[in-house]
Number of protein chains: 2
Amino acid sequence: MLSFAEENYLKAIYHLSEQTGESVSTNAIADTLNTKAASVTDMIKRLSGKGILSYQKYKGVQVSEKGRKAALQVIRKHRLWETFLVEKLKFNWDEVHDVAEQLEHIKSPLLIRRLDEFLAYPKYDPHGDPIPDENGEYKSKPQVPVSSCDVGRSVIVVSVQDDSPEFLQYLDKIGTYIGAKIRILDKVGFDGSMEVQIDNKKTVFISREVSENIWVTD
Amino acid sequence: MLSFAEENYLKAIYHLSEQTGESVSTNAIADTLNTKAASVTDMIKRLSGKGILSYQKYKGVQVSEKGRKAALQVIRKHRLWETFLVEKLKFNWDEVHDVAEQLEHIKSPLLIRRLDEFLAYPKYDPHGDPIPDENGEYKSKPQVPVSSCDVGRSVIVVSVQDDSPEFLQYLDKIGTYIGAKIRILDKVGFDGSMEVQIDNKKTVFISREVSENIWVTD
DNA sequence: AAAAATTTTTAGATTAGACTAAATGGTATA
DNA sequence: TATACCATTTAGTCTAATCTAAAAATTTTT
Ligand SMILES: [Mn+2]
Ligand SMILES: [Mn+2]
Ligand SMILES: [Mn+2]
Ligand SMILES: [Mn+2]
């Protein structure tokens with residue numbers, strides 16, 4: 001049984017290892033969790049002891065198979081709760097993440113099974129992220145960042161890679177949502193910003209940072 | 001902001017003070033929480049420091065107005081979650097308490113407001129206990145324990161005073177539920193047990209302990 | 001390849017919350 | 001009123017999770 005803190009470390013490390021593919025550094029973990037490297041060293045020793053991570057001094061950590069399974073269950077709970085908050089309790093997509101950070105640590109297999117059933121087995125959460133099933137299996141839709149799309153193309157928003165309220169409220173403001181159509185009008189070489197039209201309506205300039213966090217498909 | 005442990009102590013102390021009316025002893029708290037008296041002394045010092053309890057050495061504690069308000073909010077959350085689990089996720093009434101013990105500590109005023117709305121502002125939880133509103137107000141139905149009812153009377157079950165799975169499963173077995181009709185057939189002076197008929201069907205003997213934990217109205 | 005810079009680990013301290021054992025206060029009883 | 005008994009508090013220890021400062025390992029620069 002993992003503690004809240006252990007689950008939070010595991011989740012962060014799992015996400016980092018997915019992004020990079022390589023072993024995860026102490027500092028990278030400290031940065032994403034807003035803790036100090038010394039605290040991370042302590043915790044990764046504890047998690048290695050539990051067989052969740054494999055770890056060699058000064059060489060970073062890797063998530064074990066057992067760790068991967070555990071991480072996916074926490075992610076499953078996080079995303080199911082986010083879906084519940086939006087679908088049933090009428091939360092906006094920018095209001096759910098912090099509450100889900102708490103709810104994801106509730107321990108009750110029955111609760112999660114019933115919640116999943118109540119939501120009719122959703123496959124994606126309000127941010128377009130896939131929800132793993134009880135066995136940790138999930139399917140991501142093929143998708144690329146808007147930043148990599150050529151001028152002239154029309155694409156559909158599939159997911160957002162940042163679930164901070166600031167980013168999501170900005171997307172609300174420019175009329176972007178999961179399923180919205182985005183037409184690429186122009187690319188500015190200088191700073192990588194783009195001119196796009198959303199749902200055949202508003203035409204806006206979006207920064208490189210924004211275009212990297214909106215993922216789309218044809 | 002109270003920690004999980006602080007909220008659990010507060011809730012236990014509040015319930016004890018409601019039962020007895022008087023100031024609550026260190027040992028009574030230790031007993032209900034399955035901790036040691038020394039741990040309780042530590043915690044009640046901390047809670048006094050926060051203005052939640054008033055405390056004089058060797059004289060027990062009392063819950064302050066601030067403490068009462070906080071306790072009722074935790075109780076509100078506990079009972080709303082129990083109601084959610086039964087009404088929406090099809091939990092049986094004996095399965096909800098332990099999960100609600102976890103869920104009651106989630107911090108999000110919006111979540112609780114929306115949950116209350118989603119459940120259509122329920123007044124009573126699955127065990128017949130009243131659910132305080134946002135201001136801590138609630139109305140209990142007039143009720144007495146079956147043990148105090150005279151032979152020959154017919155009464156309706158309003159609440160149960162014990163929410164352990166063991167007790168609730170026993171009630172399921174003898175066909176008793178909130179709203180069930182109980183007719184008092186006989187009282188045994190020797191051990192205080194009673195013979196009762198439930199919903200004009202099953203006739204059973206219930207122990208004094210059971211009859212004290214089923215509360216009823218005419 | 002040596003020096004410098006950076007990353008990581010270790011050592012030691014702190015806080016919340018728990019425990020055991022010992023000391024102390026309060027109450028009942030002879 | 002002295003003694004015994006029980007309740008409560010204090011003192012000291014432990015673990016999880018955090019921190020700072022210092023030491024050690026690794027990586028980058030010269
Ligand atoms: Mn999230
Ligand atoms: Mn999400
Ligand atoms: Mn309960
Ligand atoms: Mn209840």
Side-chain angles (χ1 to χ4, degrees), chain A residues 1-14 16-17 19-20 22-63 67 70-71 74 101-102 104-107, chain B residues 1-14 16-17 19-20 22-63 67 70-71 74 101-102 104-107:
Chain A
M1 184 103 320
L2 300 181
S3 69
F4 283 26
E6 288 170 334
E7 287 187 342
N8 284 334
Y9 272 91
L10 172 57
K11 198 161 55 106
I13 294 166
Y14 174 79
L16 285 167
S17 75
Q19 278 166 34
T20 67
E22 297 159 27
S23 77
V24 181
S25 76
T26 303
N27 266 354
I29 300 167
D31 284 352
T32 56
L33 288 175
N34 295 307
T35 57
K36 296 299 150 97
S39 309
V40 173
T41 301
D42 258 13
M43 182 55 95
I44 62 189
K45 281 179 183 168
R46 230 174 301 151
L47 289 173
S48 307
K50 294 197 177 191
I52 296 290
L53 304 176
S54 67
Y55 162 60
Q56 292 181 69
K57 266 193 199 178
Y58 295 100
K59 303 281 172 166
V61 292
Q62 275 154 306
V63 179
V74 179
E101 283 294 308
Q102 299 179 61
E104 72 189 6
H105 302 295
I106 303 291
K107 266 100 184 166
Chain B
M1 184 104 318
L2 299 180
S3 69
F4 283 27
E6 287 170 334
E7 287 187 344
N8 284 334
Y9 271 93
L10 172 57
K11 198 161 55 107
I13 295 166
Y14 174 79
L16 286 167
S17 76
Q19 278 167 35
T20 67
E22 296 160 28
S23 76
V24 180
S25 77
T26 303
N27 266 354
I29 300 166
D31 284 352
T32 55
L33 288 175
N34 294 309
T35 57
K36 296 301 151 92
S39 310
V40 173
T41 301
D42 259 11
M43 181 56 95
I44 61 188
K45 281 180 183 169
R46 232 173 300 153
L47 289 174
S48 308
K50 296 197 177 193
I52 296 290
L53 304 176
S54 67
Y55 163 59
Q56 290 181 69
K57 266 193 197 179
Y58 295 102
K59 302 283 172 164
V61 293
Q62 275 154 307
V63 179
V74 180
E101 283 293 309
Q102 300 179 62
E104 73 189 4
H105 302 294
I106 303 291
K107 265 99 185 166

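By convention in this document, chain letters (A, B, ...) are assigned in the order of the sequence lines, proteins followed by strands, and residues within each chain are numbered from 1.
- The NZ-P distance, from B:Lys59 to C:dT24, rounds to 19 Å in whole Å.
- Using a 4.0 Å heavy-atom distance criterion, A:Ala37 is classed as a base contact.
- Here the P atom of nucleotide D:dT8 and the CD atom of B:Gln56 are 14 Å apart, to the nearest Å.
- Computed from coordinates, the A:Lys36 NZ to D:dA22 P distance equals 15 Å when rounded to whole Å.
- Note that NZ of A:Lys57 is 12.0 Å distant from OG of A:Ser48, once rounded to the nearest 0.5 Å.
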- List the steps and the verdict of side-chain contact (heavy atoms from CB on, under 4.5 Å) for B:Leu10 and B:Val74. CA-CA 9 Å; B:Leu10 172 57; B:Val74 180; 5.5 Å; no
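- Among the atoms of the strands shown, only primed sugar atoms or phosphate atoms (P, OP1, OP2) are found under 4.0 Å from some heavy atom of B:Lys45.
- An OP1 or OP2 oxygen of C:dA16 is reached within less than 4.0 angstrom by no side-chain nitrogen or oxygen of B:Tyr9.
- Contact annotation: B:Asn27 does not reach the phosphate of D:dC6 (side-chain N/O to OP1 or OP2, under 4.0 Å).
- The CD-P distance, from A:Glu22 to C:dT7, rounds to 16 Å in whole Å.
- Taking CG of B:Leu2 as the reference point, atom NZ of B:Lys50 lies at 5.5 Å (rounded to 0.5 Å).
- At a threshold of 4.0 angstrom between heavy atoms, the contacts of B:Thr41 include nucleobase atoms, whether or not backbone atoms are also involved.
- Going from atom NZ of A:Lys11 over to atom CD of A:Glu101 covers 3.5 Å, rounded to the nearest 0.5 Å.
- Nucleic acid contact class of A:Ser39 (heavy atoms, under 4.0 Å, all strands): base.
- Considering only side-chain N and O atoms, A:Ser25 lies nowhere under 4.0 angstrom from the phosphate OP1 or OP2 of C:dT7.
- Map A:Tyr58 and A:Asn34 each onto its nearest nucleotide of DNA chain D; the residue landing nearer the 5' end is A:Asn34.
- Residue contacts shown for A:Phe4 are absent, as no nucleic acid heavy atom lies under 4.0 Å away.
- Rounded to an integer number of Å, the gap from NZ of B:Lys50 to P of C:dT15 is 14 Å.
- Summarising the geometry, the separation between CG on A:Leu33 and C1' on D:dC19 is reported as 15 Å, rounded to the nearest angstrom.
- The shortest non-hydrogen separation linking A:Asn27 to A:Ala37 is OD1-CB, 3.7 Å.
- Across the protein-nucleic acid pair, B:Asp42 atom CG and D:dA7 atom P stand 20 Å apart, rounded to whole Å.
- Look at CG on B:Asn8: it is 14 Å from C1' on C:dA18, rounded to the nearest Å.
- Relative to the side chain of B:Thr26, the nucleotides C:dT10, D:dT9, C:dA18 differ in distance, and D:dT9 lies closest.
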